[in-house]
Protein chains: 2
Amino acid sequence: MNAKVRTAVRTLEAFEAFGRSQKPLTLSELARAIGVPVSSCHGLVATLRNRGYIYSVGNNRRVYPTRRLLDVAEAIVRNDPLLEFVEPVLTRLRDDTGETVILGTREGDGVVYLEVVEGLHTIRYSAKPGEIKPLHSSAIGKVVLASLDEGALAKTLARIALERITPATLADEDALRRDLEDGRRRGFFVTRGENVADVMGMAAPAAPGGQALAVALAGPIERMDRSFDAHAERLLVAARELSGLGAD
Amino acid sequence: MNAKVRTAVRTLEAFEAFGRSQKPLTLSELARAIGVPVSSCHGLVATLRNRGYIYSVGNNRRVYPTRRLLDVAEAIVRNDPLLEFVEPVLTRLRDDTGETVILGTREGDGVVYLEVVEGLHTIRYSAKPGEIKPLHSSAIGKVVLASLDEGALAKTLARIALERITPATLADEDALRRDLEDGRRRGFFVTRGENVADVMGMAAPAAPGGQALAVALAGPIERMDRSFDAHAERLLVAARELSGLGAD
DNA sequence: AATAAGTTTTCAATATCTCGAATATTTTGA
DNA sequence: TCAAAATATTCGAGATATTGAAAACTTATT
């Protein structure tokens with residue numbers, strides 16, 4: 001169930017490494033950066049060069065990606081079936097609350113972030129699209145769990161380990177079920193430092209085009225608490241707006 | 001010497017397929033799009049989902065990439081060691097000539113396009129960064145060949161097949177050598193339908209930050225011919241500008 | 001509601017990639 | 001300039017992914 005195809009992962013990790021390093025790398029630097037033997041990295045780099053995804057910079061042996069990956073990524077996003085419609089709603093929610101806004105959905109036994117609009121404060125919850133979070137300790141994950149019927153919920157809870165990630169994590173099934181019940185009643189779900197210390201998340205279900213997603217607001221507990229009720233109300237408005245979008 | 005690591009290629013081809021298809025694909029559609037057995041595609045898709053690079057859209061079984069790839073690609077380009085400086089020069093050249101401008105370099109036994117600024121005409125030479133062109137039948141390739149000393153040139157010509165791609169391709173070594181000599185004398189190199197029928201390219205060496213690159217102008221033969229001298233002169237100005245940039 | 005057509009998933013033999021070690025090359029430092 | 005260190009490349013045994021085939025599941029059609 002975990003990542004399977006090693007080379008696929010490595011290929012993407014190589015690009016991520018360039019994104020982090022912010023400069024051309026030699027073969028061995030790249031190998032070190034992605035934790036791969038130099039000899040294996042050698043073949044990968046040769047392949048990517050052959051394909052025009054990376055090129056050798058200058059006269060030395062360093063390589064760097066061409067714009068090709070950006071080009072592919074832009075073509076993909078240009079035609080994204082979803083995000084075009086939802087982006088304005090998320091940005092308004094961010095502007096009204098000042099906190100980071102996230103759109104996410106279930107992916108396997110986790111949650112994947114589809115879109116992140118970062119908050120306006122210097123201290124803010126920071127995340128990237130594509131990040132994976134646990135079902136039991138993220139606000140969006142609780143939305144997902146709460147949407148399951150009893151049978152599916154029991155099976156899912158049995159399968160996923162309720163790993164204690166912080167002292168506040170609800171690692172106990174009964175506590176988690178009570179928390180889900182609270183959320184169902186309120187219409188939104190909350191985490192208080194259960195996944196990252198000091199972070200509060202609140203999330204509500206949203207179904208743009210009929211697709212089951214969730215929208216979340218996240219920031220430092222202290223600041224979020226001060227505006228808890230206003231933020232919650234604003235979040236629910238955004239969730240309703242999203243659900244009205246895109247007949248798809 | 002050709003592409004070696006199969007999965008690396010497939011991974012990128014999968015993303016390219018989404019860029020082309022412009023919509024979510026089922027597993028078998030994706031497999032068909034990239035010419036891979038469904039069973040193999042299955043593992044690849046599972047891996048990419050695990051990594052947050054793709055997610056399942058809607059309730060059906062279609063998948064589409066998240067913004068994660070774009071995020072990585074943007075981080076890479078944000079810190080591109082080269083393109084920040086050269087882009088304005090290329091764009092001015094494009095604006096002054098109306099034709100497509102390309103920055104390229106040698107990569108193995110081919111040429112890779114690093115940057116493309118497309119022309120302003122409806123009918124124009126269209127290309128993408130990362131495309132690979134032959135050394136012997138592209139204007140940039142001729143710049144590369146002409147920069148080699150006799151020993152390296154002989155070895156390279158022996159290694160690469162002078163494939164006849166169009167009727168106009170210089171598939172004969174003597175003819176190609178004479179053409180290179182002409183180019184050296186003029187200071188720039190020309191192709192006339194040698195790689196793509198109806199396309200004329202002209203290229204000159206440029207060395208921003210000391211790195212051996214080439215800048216090219218490409219468009220329909222008929223239109224390029226009408227402004228041949230002016231374009232050539234303008235191209236050489238741009239090449240000089242580029243070579244003065246970026247101490248690196 | 002049943003059948004057919006298409007799609008996804010699993011499986012184990014096989015083709016391919018991976019990795020450490022050895023070799024070759026380049027860079028660094030004196 | 002030479003020696004030492006670092007880096008890149010090659011190679012074969014072993015680890016891993018790939019594949020067609022078959023089973024399980026969905027969706028479309030009658």
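Computed from a prediction, not measured in an experiment: that's the story for all the values here. In what follows, chains are A, B, ... by sequence order, proteins preceding strands, each numbered from 1.
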Inset, instruction - Identify whether any heavy atom of Ser40(A) sits under 4.0 Å from a base atom; if not, whether one sits that close to sugar-phosphate; answer base, sugar-phosphate or nothing. - result: base
Legend entry - Phe18(B)/Tyr64(B) aromatic ring centres below 6.0 Å: yes
Inset, instruction - State whether Arg20(A) and Glu13(A) are salt-bridged, where the test is any N-O pair (Lys NZ or Arg NE/NH1/NH2 against Asp/Glu carboxylate O) under 4.0 Å. - result: no
Inset, instruction - Could you list by number each residue of residues 147-157 of chain B showing a heavy-atom separation from DNA chain C of less than 4.0 Å, or answer none if no residue does? - result: none
Inset, instruction - Identify whether the distance between the nearest side-chain nitrogen and carboxylate oxygen of Glu194(B) and Lys142(B) falls below 4.0 Å. - result: yes
Legend entry - Whole-Å distance separating the NZ atom of Lys4(A) from the P atom of dT16(C): 21 Å
Legend entry - Atom-to-atom span, CG of Leu27(A) to C1' of dT7(D) - whole angstrom: 8 Å
Inset, instruction - Please state how far atom CZ in Arg6(B) lies from atom C1' in dT18(C), giving the value in whole angstrom units. - result: 14 Å
Inset, instruction - Please report the C-alpha distance between Leu44(B) and Arg10(B) in whole Å, then the side-chain angles of each, then the deciding distance to 0.1 Å, and finally whether the side-chain contact (heavy atoms from CB on, under 4.5 Å) criterion is met. - result: CA-CA 9 Å; Leu44(B) 177 60; Arg10(B) 286 179 175 181; 4.3 Å; yes
Legend entry - Under-4.0 Å side-chain N/O to phosphate OP1/OP2 contact, Arg10(A) with dT16(D): no
Inset, instruction - Give the rounded distance in Å between these two atoms: CD of Glu29(A) and P of dT27(C). - result: 13 Å
Legend entry - Side-chain touch Leu25(B)/Arg62(B), heavy atoms, less than 4.5 angstrom: no
Legend entry - Side-chain N,O (Arg32(B)) to OP1/OP2 (dG6(C)) below 4.0 Å: no
Inset, instruction - Answer yes or no: does a side-chain N or O of Thr7(B) lie under 4.0 Å from OP1 or OP2 of dT18(D)? - result: yes
Legend entry - Residues Arg177(A), Glu181(A): salt bridge by 4.0 Å N-O rule: no
Inset, instruction - Check whether any side-chain nitrogen or oxygen of His42(A) sits under 4.0 Å from OP1 or OP2 of dA8(D), and answer yes or no. - result: no
Inset, instruction - To the nearest 10°, let me know how far the axis at one end of the helix from dA1(C)-dT30(D) to dA30(C)-dT1(D) is tilted from the axis at the other, five pairs an end. - result: 50°
Legend entry - Minimum-distance nucleotide (side-chain atoms of Ser28(A) versus dC19(C), dA8(D), dT8(C)): dA8(D)
Inset, instruction - Identify whether NZ of Lys or CZ of Arg in Arg186(B) sits under 6.0 Å from the centre of the six-membered ring of Phe188(B) and within 45° of that ring's axis. - result: yes
Inset, instruction - Check Ala239(B) against Ala206(B) and note the closest heavy-atom contact, atom names and distance. - result: O-CB, 4.0 Å
Inset, instruction - May I have the distance from Leu25(B) (atom CG) to dT8(C) (atom C1'), rounded to whole angstrom? - result: 15 Å
Legend entry - Ion pair check, Arg68(A) and Glu16(B), cut-off under 4.0 Å: yes
Inset, instruction - Rounded to the nearest angstrom, tell me the gap between atom CG in Leu44(B) and atom P in dT9(C). - result: 13 Å
Legend entry - Short side-chain N/O contact from Ser39(A) to OP1 or OP2 of dT9(D), under 4.0 Å: no
